[in-house]
Amino acid sequence: MKNLLLPFLCIVACQWAIAQEYRVYKAPRFREEWSKPTDYPDRIVLSFGADAATQASVTWRTDTTVHNALAEIAVADGAPTFWRYGKTLSAKTEQLDASSIEMAKVKAHYHSAVFTDLLPGTTYAYRVGDGTTWSEWIQFSTASDDKDEPFAFLYVGDAQNYILELWARLIREGYRKAPDAKFIIHAGDLVNNAHRDQEWHEWFTAGGFIHSMVPSMSTPGNHEYRAIPEWDGTNAKRRLSVQWRPQFTLPENGPQDLQEIAETVYYTDYQDVRIISLNSNVLQEEQIPWLEKVLSENNKKWTIVTYHHPLFSASEGRENTRLREAWKPLFDKYQVDLALQGHDHSYARGRVSPGENVLDGVNARDKTGTVYVVSVSGGKMYELKQNGWDDYEADRDRAAENTQLFQVIRINGDKLSFESYTATGELYDAFDLEKQADGTNQFIERKSEAIPERRFTNTIPYEDPLPDNLLSILMARYPDHALTRVNARKEAGKLVFAVRMEKDGERLELQIDEDGTIRE
């Protein structure tokens with residue numbers, strides 16, 4: 001009897017230790033009322049127009065009791081009465097009734113005002129409201145009419161998951177690192193569920209005043225598209241987020257015959273840079289005539305494109321061959337300098353050959369065609385493509401896994417400097433482009449200035465760990481299987497692990513609790 005008692009006590013002690021020491025992530029829960037609109041302006045977001053020196057727009061939200069919407073704007077001054085020399089604009093009001101959509105359950109008024117004839121290189125203050133209830137005064141600056149004046153901007157990939165919990169620290173660190181940033185490029189998947197209003201509320205809350213001060217240039221990702229069976233039936237086609245157009249007032253200079261992608265395909269000129277947003281989700285080939293026209297008529301020194309799905313994938317099983325074949329020839333032909341992408345939940349930076357633009361006798365390694373970057377800013381992480389970009393006609397020069405990143409890009413005349421930072425402010429990647437007289441770029445590698453490369457193998461574990469005793473039980477039951485996913489939770493005070501086992505391409509989803517009980 002004593003011989004049996006000791007192993008039993010060891011098992012009980014082991015299980016008690018697991019339950020006491022194992023840290024299970026506690027996701028926050030929000031009451032439904034948390035994201036509902038009121039009569040006070042919220043979700044204030046600023047954007048530039050086609051010409052960032054003279055045009056800007058602001059959008060905000062209230063409940064449906066507010067019908068009279070106004071925006072006031074004035075040249076900012078150190079004197080508190082700067083508003084005396086301002087002007088008041090009537091705003092456009094649009095009702096979004098998504099109360100019948102299960103994920104949205106909201107009815108709101110969205111208001112927007114467009115500021116035109118602004119002075120270049122000027123700091124403005126604006127506020128929004130209904131004439132009685134007003135927001136605070138908020139400041140922003142227009143682009144300079146000196147095309148060579150130095151400036152910086154931020155670029156982030158997918159926020160998407162754990163938005164308020166984890167993306168908040170990332171975007172705020174980005175603002176702290178580059179408080180002089182003139183705008184932010186969001187390369188798609190701002191949220192996870194296109195129409196879920198709580199997630200949009202998280203996005204606006206996480207960015208806070210940054211959204212209202214630093215203009216957003218947003219492009220939609222695949223998670224900004226989702227069917228609405230409540231409206232369109234069970235076999236419904238995916239729709240752009242019902243919140244997208246009401247809550248962003250973006251340039252409407254995209255393809256005029258393709259209204260389906262209005263305010264997702266557009267361009268903005270900021271000094272000597274043209275920034276082009278493309279929609280990689282739908283009508284990819286139909287965008288080509290417009291894109292070629294915008295590129296061919298571009299007289300700016302620098303050209304930057306942003307879209308969601310990478311032309312050169314960073315992660316396994318996410319090939320976008322058709323998209324690459326459609327768009328890359330134009331990027332090559334018109335010497336696009338930089339392509340800013342998302343989607344793959346990892347980091348990859350590389351470049352393609354400048355091709356015919358390299359003169360005889362010039363070291364091709366010192367010249368470059370388009371530099372392609374994939375980055376992720378939220379908390380969801382994927383594994384990198386193991387063979388890099390060896391399958392492509394491109395070189396992958398820097399990569400990362402399991403790391404939240406933001407990018408600061410600075411332009412000073414003929415020089416573009418790119419720096420990528422972790423959520424804790426460590427320099428992770430860097431390079432410079434120096435524009436040559438023939439329009440090509442000299443490439444200057446600076447990754448040696450950064451911290452060592454980060455992978456799942458040398459960072460804090462992303463997947464929940466499965467205790468060894470439970471792993472042994474699973475492997476005894478399912479020999480020759482590989483454990484590929486573990487998610488831990490607590491049920492009635494007991495640890496339960498949802499696991500995925502794989503063998504020969506077949507997946508087995510099951511649960512095992514801290515007592516070793518398996519549920520398939």
Side-chain angles (χ1 to χ4, degrees), residues 10-30 157-170 189 191-193 199 202 206 223 314-318 344-347 376-386 399-405 422-424 453-503 505-520:
C10 288
I11 291 172
V12 170
C14 180
Q15 291 171 349
W16 183 87
I18 292 171
Q20 292 296 311
E21 298 173 8
Y22 197 102
R23 291 182 64 83
V24 176
Y25 182 68
K26 299 178 179 66
R29 293 186 179 181
F30 307 106
D158 308 35
Q160 189 177 341
N161 305 89
Y162 316 104
I163 302 170
L164 185 55
E165 299 129 279
L166 295 176
W167 188 69
R169 72 175 188 140
L170 183 287
D189 282 3
V191 297
N192 190 44
N193 297 287
E199 291 180 19
E202 288 189 48
H223 283 269
S315 302
E316 293 284 1
R318 302 172 72 80
D344 282 354
H345 296 267
S346 54
Y347 180 83
V376 57
S377 60
K380 181 181 179 182
M381 299 292 161
Y382 290 164
E383 292 182 353
L384 284 164
K385 194 172 183 287
Q386 293 305 308
E401 293 174 324
N402 200 27
T403 306
Q404 288 179 264
L405 295 160
T422 70
T424 53
E453 287 205 343
R454 294 170 57 89
R455 298 289 190 272
F456 281 109
T457 54
N458 65 359
T459 54
I460 296 172
Y462 180 69
E463 293 284 348
D464 291 332
L466 186 68
D468 290 342
N469 66 317
L470 301 184
L471 178 60
S472 297
I473 293 171
L474 282 175
M475 299 314 296
R477 174 78 70 87
Y478 306 102
D480 302 322
H481 281 69
L483 181 68
T484 58
R485 181 164 295 177
V486 180
N487 287 308
R489 68 181 187 276
K490 277 195 174 182
E491 289 183 359
K494 180 180 287 190
L495 280 169
V496 178
F497 300 87
V499 301
R500 176 184 292 168
M501 309 286 288
E502 296 191 34
K503 179 182 178 182
E506 297 292 326
R507 289 181 175 180
L508 181 63
E509 307 280 353
L510 50 87
Q511 297 180 2
I512 182 170
D513 65 24
E514 65 187 53
D515 299 329
T517 302
I518 298 174
R519 291 175 279 172
E520 292 190 7

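Computed from a predicted structure; not experimentally measured.
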Engineer: Can you tell me how far the CD1 atom of I512 sits from the CG atom of N469, to the nearest 0.5 Å?
Structural biologist: 8.0 Å

Engineer: Is a side-chain donor or acceptor of S346 paired with a backbone partner of E383 at a separation under 3.5 angstrom?
Structural biologist: no

Engineer: Can you name the salt bridge (Lys or Arg N to Asp or Glu O under 4.0 Å) partners of R318, sequence neighbours left out?
Structural biologist: D344

Engineer: Mind checking side-chain contact (heavy atoms from CB on, under 4.5 Å) for L483 and listing every partner two or more places apart, or none if nothing turns up?
Structural biologist: L466, L471, V486, V499, M501

Engineer: Only counting residues at least two apart or in another chain, list the ones meeting ring-ring contact (aromatic ring centres under 6.0 Å, His included) with Y162.
Structural biologist: none

Engineer: Any donor-acceptor pair under 3.5 Å linking the side chain of Y462 with the backbone of M381?
Structural biologist: yes

Engineer: Can you list everything that forms a side-chain hydrogen bond (donor to acceptor under 3.5 Å, both in side chains) with R507? Sequence neighbours excluded, please.
Structural biologist: none

Engineer: Parallel, tilted or perpendicular for Y22 and F497, by the 30°/60° rule?
Structural biologist: perpendicular

Engineer: Below 4.5 Å, heavy atoms only, C-beta onward: do Q404 and V376 meet side chain to side chain?
Structural biologist: no

Engineer: Is there a side-chain contact between T424 and R169 (heavy atoms, below 4.5 Å)?
Structural biologist: yes

Engineer: Just jot down the side-chain hydrogen bond (donor to acceptor under 3.5 Å, both in side chains) partners of S472, sequence neighbours excluded, or say none.
Structural biologist: none

Engineer: Kindly compute the distance separating CG (L405) from OG (S377), expressed to the nearest 0.5 Å.
Structural biologist: 9.0 Å

Engineer: What is the minimum heavy-atom distance between E491 and V496, and which atoms define it?
Structural biologist: OE1-CG2, 3.9 Å

Engineer: In sequence, state the C-alpha distance, the side-chain angles, and the governing distance for R519 and L510, and then conclude on side chain to side chain contact (heavy atoms under 4.5 Å, CB included).
Structural biologist: CA-CA 6 Å; R519 291 175 279 172; L510 50 87; over 6 Å; no

Engineer: Quick check on E509: does its CD atom have over 12 non-hydrogen neighbours (other residues, nucleotides or ligands) under 6.0 Å away?
Structural biologist: yes

Engineer: Identify, with sequence neighbours excluded, every residue that meets salt bridge (Lys or Arg N to Asp or Glu O under 4.0 Å) alongside E202.
Structural biologist: none

Engineer: Would a distance-only check, ignoring hydrogens and angles, find a side-chain to backbone donor-acceptor pair under 3.5 Å from Q160 to K380?
Structural biologist: no

Engineer: With R477, which residues qualify under salt bridge (Lys or Arg N to Asp or Glu O under 4.0 Å), at least two apart?
Structural biologist: none

Engineer: Within this structure, what is the CZ-CG distance for the pair F456 and N458, rounded to the nearest 0.5 Å?
Structural biologist: 11.0 Å

Engineer: Restricting to salt bridge (Lys or Arg N to Asp or Glu O under 4.0 Å), what partner residues turn up for E520, sequence neighbours left out?
Structural biologist: none

Engineer: Rounded to the nearest 0.5 Å, what separates atom OH in Y478 from atom CG in L508?
Structural biologist: 5.5 Å

Engineer: So, taking the atom named CD in E401 and the one named NE2 in H345, what distance separates them when rounded to the nearest 0.5 Å?
Structural biologist: 14.0 Å

Engineer: Using modelled atom types and a 3.5 Å cut-off, is there a donor and acceptor pairing between side-chain atoms of E453 and backbone atoms of A399?
Structural biologist: yes

Engineer: Listed by chain and number, what are the ring-ring contact (aromatic ring centres under 6.0 Å, His included) partners of H223, not counting sequence neighbours?
Structural biologist: none

Engineer: Can you sort out the partners of T457 under side-chain contact (heavy atoms from CB on, under 4.5 Å), two or more places apart, ordered by chain and number?
Structural biologist: R455

Engineer: Could you list the residues that satisfy side-chain contact (heavy atoms from CB on, under 4.5 Å) with P479, not counting sequence neighbours?
Structural biologist: none

Engineer: Got a salt bridge between E316 and K385, using NZ or NE/NH1/NH2 to carboxylate O under 4.0 Å?
Structural biologist: no

Engineer: Rounded to the nearest 0.5 Å, how far apart are CG of D464 and CG of N487?
Structural biologist: 5.5 Å

Engineer: With K494, which residues qualify under side-chain contact (heavy atoms from CB on, under 4.5 Å), at least two apart?
Structural biologist: D513, E514, D515

Engineer: Which heavy-atom pair separates P28 from E165 by the least distance, and what is that distance?
Structural biologist: CD-OE2, 3.1 Å

